[in-house]
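Everything on this sheet refers to the single structure shown next.
Since this is a predicted model, take the numbers as computed values, not measurements. The sequence lines fix the lettering, A, B, ..., with proteins before strands; numbering per chain opens at 1.
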Amino acid sequence: MAEQVGYSQKVMEHFMNPHNVGAIENPDGYGKVGNPVCGDIMEIFIKVKDDVIEDVRFRTFGCGSAIATSSMVTDMARGKTLEEAMAITRDDVATELDGLPPKKMHCSNLAADALHAAIEDYRGKQKKE
Amino acid sequence: MERKRTVYMDHAATTPVRPEVVEAMNPYFSERFGNPSSLYALAREAKEAIEEAREAVAAAIGATPEEIYFTSGGTEADNWAIKGAALRGKGDHIVTSAIEHHAVLHTCEVLEKQGYRVTYLPVDEFGRVEPATVEEAITEKTVLVSVMAANNEIGTIQPVRAIAEVARDHKVPFHTDAVQAIGAFPVDVDEMGADLLALSAHKFGGPKGVGALYVRRGTRIGTFMDGGAQERGRRAGTENVPGIVGLGRAIELAVAGMPQSAPRLAAMRDRLIRGVLDEIPDTRLNGHPTERLPNNVNVAFRYIEGESILLMLDALGIAASTGSACTSASLEPSHVLTSCGLPPEHAHGSLRLTLGHRNTEDDVDYVLEVLPGIIERLRAISPLRGEA
Amino acid sequence: MERKRTVYMDHAATTPVRPEVVEAMNPYFSERFGNPSSLYALAREAKEAIEEAREAVAAAIGATPEEIYFTSGGTEADNWAIKGAALRGKGDHIVTSAIEHHAVLHTCEVLEKQGYRVTYLPVDEFGRVEPATVEEAITEKTVLVSVMAANNEIGTIQPVRAIAEVARDHKVPFHTDAVQAIGAFPVDVDEMGADLLALSAHKFGGPKGVGALYVRRGTRIGTFMDGGAQERGRRAGTENVPGIVGLGRAIELAVAGMPQSAPRLAAMRDRLIRGVLDEIPDTRLNGHPTERLPNNVNVAFRYIEGESILLMLDALGIAASTGSACTSASLEPSHVLTSCGLPPEHAHGSLRLTLGHRNTEDDVDYVLEVLPGIIERLRAISPLRGEA
Ligand SMILES: Cc1ncc(COP(=O)(O)O)c(C=O)c1O
Ligand SMILES: Cc1ncc(COP(=O)(O)O)c(C=O)c1O
Ligand code: FES
Ligand code: FES
């Protein structure tokens, strides 16, 4: 098989009309990964109730794939338990999007990382309380 | 937003081959297909076609036909000029600029690994090389000065003549990558003071995979492509006859059409630039305000990333670029923009629109109509805007 | 003698592009003209077309697509293989044969000037390399063994597999110039044991100016063309999209047609050889009697000079060659023929007829009809005949 050229239809749908865009005021958990120097920053905000992710939102500075994976990972996390959400990997995100070009796999990495960071942040806060 | 038209605004990446050029090439695939090195009538036809193209290229840049060598494109012409000069020069130092095309930069980097030293001249905020820096950089060991005629990303035109004079004063050969200059402004090797000059057909209505290197009579350079005796023994390989014919025809058309096309493109360019800067906040023009290719628009949008702009434009039928097409597979911010002092996050948010033959005022209108909305949508999901 | 038909019998020099190939290429000049490195839809079309061609080339030679790199022709592929291996190898010695194409030989000579040592293996009277000589030649310092799959002048097919095994035993990469082999006999990189393999589209119904280098996964070679990130960062330069598409289509057609074309050409070849040797005295076959390309006839006529034969043939509508097209500009006798032990005066009197797709039995008849008279006329004015 030749390597994937360009983005899948699914990626383009999520990119053109991303789900779960925006910030949450006073989130229960907040994760931020990436670096503007590298051309990507991803923020994920979560609201948690009874160990379940009730609301999740994102803001992203990045390429098309970064925006699409943010949209997808937030869709995937919504309604999941924290444990289930922690188990989402970058490959899961890419698979749900019908694949990503090899050079763009790190963007799905970012999305999974940002989600995990938000969950870690929430858990850290819980411990303190 | 819905797609209303198809607009190609990436002519710095490549151009469609002009119909007249395709027509000129056509007979050389299956009819006049002879190998120009052979002796029979069929081969002579091919040979004559090549020599006609050579005359056309020479005439377009003020050279003589014997100074023109056909190559597989701009990249090969740059590789040959630089590696060839290094091979024959009596020294181990090269002077070039920080904003060259990768065909020059990566060639220099490869030579560095082989023990050469390379000075990468800085540029000002508009992307211009200061000729005085060339004077400072040249040493007894310098075998080549290579500075591009015009930059492919930001369109900045270099003060090539002044740079060439410095090189000549030191008896160092001067190479210029004129890949973006041909058809955009008059190029004359004598006026420019170029000893070596690279050009590529697909940037001015010719086919991909063919270009030329001008080598001023008496300039000592080694060979790059070794083998058969083609191109008077200096560039081996069966000649790409249809491609060379296409290059010849394309350069004729491009140069003959320049008095009309350059002002037409420049007017559209200026309307685009003004429209974007006026309509969209937190935006700046990259490159030089006046010393600029007539078809180049390059703007930085704060808070957002270039690829996502491209994708939205593409969905609306507009083909554009963030920088040179060659680096679009890379995740690095453009070396040209960072050399001009742009912080990386602004460099990441830059958009290049390059106009051409087929573009019309309606295309400009359409871009100006959809671009503000795209930028706004992307900024709405950016985490950076809030911070500013 | 009067001209009765037009007969092209110089397919080893170049071939007409097949109509199906021209058709496949056509949309990529002015419509699907995008730069494959760009991001928009137009560019993806071009990129996909290249990847399809890569699969076609890989399938034709038993490789995987990731092992195929497009070049500007056979010459570039040979230059890259040899210079690339030299650059990365931990030694300074190259083994090749005395009868390689100039793309290999002159590249080796350039490396000799840079301090490399090169062993040029001898060949027997039929132009074959003896694999045992490779064993003797390899040293600890050998960075590459390069022996062509089939010779362009005399058509001799080399025992490539046995040579490759010797190289592999010594862990030396093996390159083969398969420019004349593709479409003539089955080429499989694994069966051949090739680590590097060069091919060129215009030798099998594709366009001039495009070829490919096969690089076995894990083979260490440096870059040759430096610049943009095309071809996964290993061969820079905007891709010759129509040319690459043409290469893909041509190799498909050539390999698919081989079961029919090879025996058909071989029958015509044998009739030509027999006819010439039977009808014309003081004539001998150059090259191997059986291990020979199906389309190659090469005969030495005593007492006369090749160019004069060609001119007379051309006047009668027949296009042929004395040796490789690339050397026809030179006055040296063919290095291939003299390496086979032919005295220079016989080498000068050799004629190569190479058959192809469009040739018919009538063409063979015509050549056999006019050739004896031509040879007789030239011998009548030769001072050498009297001496014999
Ligand atoms: C300034 C400049 N130099 C060199 C090149 C390389 O030319 P080519 O694509 O023909 O190899 C390009 C375009 O890609 C260019 O814009
Ligand atoms: C055996 C062989 N190697 C290499 C070449 C060079 O290929 P190209 O003409 O595509 O550069 C040729 C033909 O010219 C050839 O016959
Ligand atoms: S976010 Fe870095 S390339 Fe996608
Ligand atoms: S006699 Fe003319 S080339 Fe020697």
Side-chain angles (χ1 to χ4, degrees), chain B residues 8 10 13-19 22 29-30 33-35 37-43 72-76 78-79 101-103 106-107 110 200 202 207-210 223 225-230 236-243 307 310-311 314 319-321 324-330, chain C residues 8 10 13-19 22 29-31 33-35 37-43 72-73 75-76 78-79 101-103 106-107 110 200 202 207-210 223 225-230 236-243 307 310-311 314 319-321 324-330:
Chain B
Y8 183 74
D10 200 15
T14 195
T15 60
V17 184
R18 292 220 202 173
V22 176
F29 290 110
S30 310
F33 65 86
N35 187 317
S37 301
S38 303
L39 284 170
Y40 33 81
L42 189 69
S72 64
T75 297
E76 183 186 333
D78 282 331
N79 270 258
H101 189 268
H102 283 142
H106 287 165
T107 298
V110 163
S200 177
H202 74 101
K208 295 174 180 62
V210 60
T223 55
M225 198 75 82
D226 295 300
Q230 291 91 350
T238 301
E239 299 89 337
N240 175 355
V241 181
E307 195 209 88
L310 294 193
L311 288 176
D314 186 29
S321 160
S324 85
C326 307
T327 50
S328 64
S330 105
Chain C
Y8 183 73
D10 200 15
T14 195
T15 61
V17 184
R18 290 217 205 176
V22 176
F29 290 110
S30 310
E31 296 143 48
F33 64 85
N35 187 319
S37 301
S38 303
L39 283 171
Y40 34 79
L42 188 70
S72 65
T75 297
E76 184 186 333
D78 282 331
N79 270 259
H101 189 269
H102 283 141
H106 287 166
T107 299
V110 164
S200 176
H202 74 100
K208 295 174 180 61
V210 60
T223 54
M225 198 75 81
D226 295 300
Q230 292 91 351
T238 302
E239 299 89 338
N240 175 354
V241 183
E307 196 207 87
L310 294 192
L311 290 177
D314 188 28
S321 158
S324 84
C326 311
T327 51
S328 64
S330 99

Closest-packed option against chain B by number of heavy-atom pairs under 4.5 Å, given C:Gly237, C:Gly73, C:Gly209, C:Ala319
C:Ala319
With chain B, which of C:Ser200, C:Pro19, C:Gly34 has the greatest number of heavy-atom pairs at distances under 4.5 Å?
C:Gly34
Between B:Lys208 (side chain) and C:Gly243 (backbone), is there a donor-acceptor pair under 3.5 Å?
no
Heavy atoms only, distances under 4.5 angstrom: which of B:Gly74, B:Pro242, B:Ser72, B:Pro207 has the most pairs with chain C? Name it, please.
B:Ser72
Counting heavy-atom pairs closer than 4.5 Å to chain C, which one of B:Asn79, B:Asn240, B:Val210 comes out on top?
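Of the options given, most contacts go to B:Asn79.
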Nearest heavy atoms of B:Tyr40 and C:Ala13, plus distance in Å:
OH-CB, 4.3 Å
Residue list, side-chain contact (heavy atoms from CB on, under 4.5 Å) with B:Val22, at least two apart or on another chain:
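side-chain contact (heavy atoms from CB on, under 4.5 Å) list for B:Val22, sorted by chain: B:Val17, B:Asn26, C:Phe29, C:Ser30.
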With sequence neighbours excluded, what pairs up with C:Ala320 under the side-chain contact (heavy atoms from CB on, under 4.5 Å) test?
C:Leu310, C:Leu313, C:Leu351, C:Leu353
Gap between atom [atom2] of [Y] and atom [atom1] of [X] - 0.5 Å precision:
X        : Y        : atom1 : atom2 : answer
B:Met225 : C:Met225 : CE    : CE    : 4.5 Å
B:His106 : C:Thr223 : NE2   : OG1   : 10.0 Å
C:Asp314 : B:Leu42  : CG    : CG    : 9.0 Å

B:Val241 versus chain C, the contacting section by heavy-atom distance below 4.5 Å
both
